[in-house]
Asker: 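Could you have a look at this structure, given as structure tokens, before my questions?
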Amino acid sequence: MPTKNKMHFEISERKVLLYLFDAIFIFSALFFLSLLFDYHYFVLENGKYLKSFLLVIYVFVFGNIFEIYNLQIASSQFQILRAVVLTSVTAITVYLLTPILSPELPKQRLVIAIFYFAILSSLLLWRFFYVYFLASNRFVQNVVLICDQSEVEELVLGLENVDPHYKIIGFVNSDSVTDPNLDFHYVKEIKKEDLEFFVTSNSVSEIVIASQKTDGITADLYQQLLHLLENGNVIREYTQVYESKTQRIPVHYIARDFYRFFPFSRSNNNKLYLILIRIMELLFSLFGLAICLIFIPIISIANLFANKGSLFYTQERVGKNGIVFKIYKFRTMTANSETDGAVFAKHNDKRVTPFGKFMRKSRIDELPQFINVLKGDMAVIGPRPERPFFVEEIASVMPFYETRHVVKPGLTGWAQVNYSYGESIEESLIKLQYDLYYIKHRSVFLDLSITFKTITTVLFYRGQ
């Protein structure tokens, strides 16, 4: 039976779609303004359209900062409204104030008002169209799992919670022995001999093999998979799907099969990349310390009333290759906050003073760490350094944990912009998955993504 064709967009393609049509709607708005109004500011002929590209670039940059290209936010009408307004207003303001590269400011204020309205309304028109007519149904992807019977619930919930458009509509039990008494409320169980028929009759986009056992992959099931592959069906391994959907490494699933992680990103040993990053870190550090000097008098005064103790504090952390160093921070906790021994920092930690909570939320408390960056103990971007006590405790129960130490720890990182504090061993596992993803995929583009997300965290006051 021929496979039913069903259009589906992968995550990367969805983002390309958003970028592409944002640009198209901006250019369309400028074009119609040039037709409807006799304003030279909107004229696109004689090479002036190149200046419009600058506006699109600003929208892309600030769009990443305000998260209009975050697929979850892009699918929510309320969240995307705020994000598009912030992006449009900021991008247009910066564009209008950019010397030389942007057109001269018009003398009439009405022209500027029309310009703001045209860009904002065109983006909102497209984004609401995306929410109501595309994101709601076009991106739904029907998936079949081949997995062990005992893992169905965990695998289904794990993938669908990350991407609600990723619908697992059935599973094939790969166990050699089946328990007929088990009742599944999540997905339909498909008999092995019916897999090919089920896939072709239900517009299945992808088959995911999540079984770690081979005895349940019978010769008949194997032949069906080959036929489906020959007919153009996509067959993927679970760890690949999990990594692409969650942007984390599934260390909890693959036990100690460390070879699955190789090769790590070549950027970890790329001298040109490392030199470029180091130059940028030195520039960032000098700028960050200049800001730190500005804040010190203000924090010192507030510290007398709110924190009542020393301004700074140092603490031992584990760095690259397991070398221990002292980290510098503005103090945010009460004095003698660990008289009973080291404990994980928690959400709404009672040891954190009210003023300390403000500094943590705004990330001001981490400004002194630029000293560590200058010294070479830390990088701007990398896994957050952990205390030796916790490293030993976590590494004893968690495989791969010390793999984080193959790169320098950072002021901010992939785990920090995607997850909150690790308040327990279990949550430290999730942060480890993000850290390993960064080490595996480390690149200029991933560094830029973390930078944009960090700016968003500060602007939206999401620090911990």
Side-chain angles (χ1 to χ4, degrees), residues 281 284-285 288-289 291-293 295-296 299-300 302-303 306-396 398 401-402 404-417 419-425 427-428 431-432 434-435 454 457-458 463-464:
E281 286 174 351
F284 271 116
S285 297
L289 289 175
I291 296 177
C292 185
L293 290 174
F295 275 106
I296 282 178
I299 296 175
S300 297
N303 201 59
N307 282 355
K308 297 181 180 180
S310 59
L311 180 62
F312 298 97
Y313 91 99
T314 60
Q315 196 176 66
E316 287 189 342
R317 299 290 175 98
V318 179
K320 185 177 180 181
N321 300 326
I323 298 173
V324 177
F325 68 96
K326 286 188 176 182
I327 196 173
Y328 303 97
K329 295 184 71 174
F330 286 123
R331 189 174 58 83
T332 57
M333 290 188 176
T334 57
N336 302 317
S337 58
E338 290 189 332
T339 53
D340 297 327
V343 293
F344 280 107
K346 298 179 180 180
H347 182 66
N348 292 327
D349 199 319
K350 294 181 179 179
R351 297 173 299 165
V352 179
T353 65
F355 183 65
K357 185 176 181 179
F358 163 75
M359 288 199 290
R360 288 191 171 208
K361 284 281 187 180
S362 57
R363 297 288 181 94
I364 292 175
D365 66 312
E366 296 178 355
L367 286 175
Q369 289 172 42
F370 281 112
I371 297 174
N372 294 111
V373 177
L374 281 178
K375 292 172 64 177
D377 296 328
M378 293 176 61
V380 173
I381 296 174
R384 285 294 292 165
E386 192 52 86
R387 299 167 67 177
F389 174 83
F390 292 131
V391 169
E392 292 181 9
E393 183 181 8
I394 298 171
S396 65
M398 190 181 298
Y401 187 77
E402 292 182 293
R404 302 166 78 250
H405 303 145
V406 301
V407 298
K408 286 183 182 179
L411 281 170
T412 185
W414 193 233
Q416 278 61 51
V417 298
Y419 200 70
S420 59
Y421 265 121
E423 300 180 7
S424 63
I425 297 293
E427 292 189 352
S428 293
K431 296 190 72 173
L432 173 63
Y434 281 116
D435 288 333
T454 301
T457 300
V458 174
Q464 292 277 346

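On a predicted model such as this, the values are computed, not experimentally measured, just so you know.
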Asker: Tell me every residue that passes side chain to side chain contact (heavy atoms under 4.5 Å, CB included) with E392, counting only those two or more places apart in sequence or in another chain.
Answerer: none
Asker: K357 side chain to V352 main-chain N or O, any donor-acceptor pair under 3.5 Å?
Answerer: no
Asker: Using the ring of each side chain (for Trp, its six-membered ring), is F330 parallel, tilted or perpendicular to F312, with breaks at 30° and 60°?
Answerer: parallel
Asker: Search all heavy atoms of A395 against all heavy atoms of Y401 and return the closest pair with its distance.
Answerer: CA-CB, 4.1 Å
Asker: Decide yes or no on side chain to side chain contact (heavy atoms under 4.5 Å, CB included) for F325 and K375, but give the supporting numbers first.
Answerer: CA-CA 10 Å; F325 68 96; K375 292 172 64 177; over 6 Å; no
Asker: With a 4.5 Å limit on heavy-atom distance, are the side chains of M359 and F295 in contact?
Answerer: no
Asker: Would you check if R331 and N303 make a side-chain contact, meaning some heavy-atom pair closer than 4.5 Å?
Answerer: yes
Asker: Flag the pair R387 / E393 as yes when at least one side-chain heavy-atom distance between them is below 4.5 Å, and no otherwise.
Answerer: no
Asker: Going by salt bridge (Lys or Arg N to Asp or Glu O under 4.0 Å), name the pairs with one or both residues in residues 310-319, residues two or more places apart or in two chains.
Answerer: none
Asker: Would you please name every residue forming a side chain to side chain donor-acceptor pair (under 3.5 Å) with Q369, sequence neighbours left out?
Answerer: R384
Asker: Within the 4.5 Å heavy-atom criterion, are L289 and L374 side-chain neighbours or not?
Answerer: yes
Asker: Roughly how far apart are K326 NZ and I371 CD1, rounded to 0.5 Å?
Answerer: 13.5 Å
Asker: Enter the distance from I394:CD1 to K431:NZ here, rounded to the nearest 0.5 Å.
Answerer: 9.5 Å
Asker: Could you please spell out the steps behind the side chain to side chain contact (heavy atoms under 4.5 Å, CB included) verdict for V318 and H405?
Answerer: CA-CA 8 Å; V318 179; H405 303 145; 3.5 Å; yes
Asker: Could you tell me whether the side chain of R360 reaches within less than 4.5 Å of the side chain of E366, counting heavy atoms only?
Answerer: no
Asker: Ignoring hydrogens, what is the shortest heavy-atom contact between A415 and D435? Give both atom names and the distance.
Answerer: CB-OD1, 3.5 Å
Asker: Begin with the C-alpha distance, continue with both residues' side-chain angles, and end with the deciding distance and a verdict on side chain to side chain contact (heavy atoms under 4.5 Å, CB included) for T314 and I327.
Answerer: CA-CA 5 Å; T314 60; I327 196 173; over 6 Å; no
Asker: Could you work out, with side chain to side chain contact (heavy atoms under 4.5 Å, CB included) as the rule, every residue matching F284, not counting sequence neighbours?
Answerer: M280, F370, V380
Asker: Quick one: does Y313's side chain get under 4.5 Å of M333's, heavy atoms only?
Answerer: no
Asker: Looking at G410 and P385, what are the two nearest heavy atoms and their distance?
Answerer: O-CD, 3.8 Å
Asker: Restricting to side chain to side chain donor-acceptor pair (under 3.5 Å), what partner residues turn up for N372, sequence neighbours left out?
Answerer: none
Asker: CG/L432 to CZ/R404 distance, rounded to the nearest 0.5 angstrom?
Answerer: 7.0 Å
Asker: Say you draw a straight line from CD1 of I364 to OG1 of T332; how long is it, rounded to the nearest 0.5 Å?
Answerer: 12.0 Å
Asker: If we only count heavy atoms from C-beta on, is the I381 to T412 side-chain gap below 4.5 Å?
Answerer: yes
Asker: Find the distance between SG (C292) and CD1 (I299) and round it off to the nearest 0.5 Å.
Answerer: 6.5 Å
Asker: Could you tell me which non-hydrogen atom of P383 sits nearest to which non-hydrogen atom of K408, and how far apart they are?
Answerer: CD-O, 3.7 Å
Asker: Does S300 have any side chain to side chain contact (heavy atoms under 4.5 Å, CB included) partners at least two apart in sequence or in another chain, and if so, which?
Answerer: I296, L311
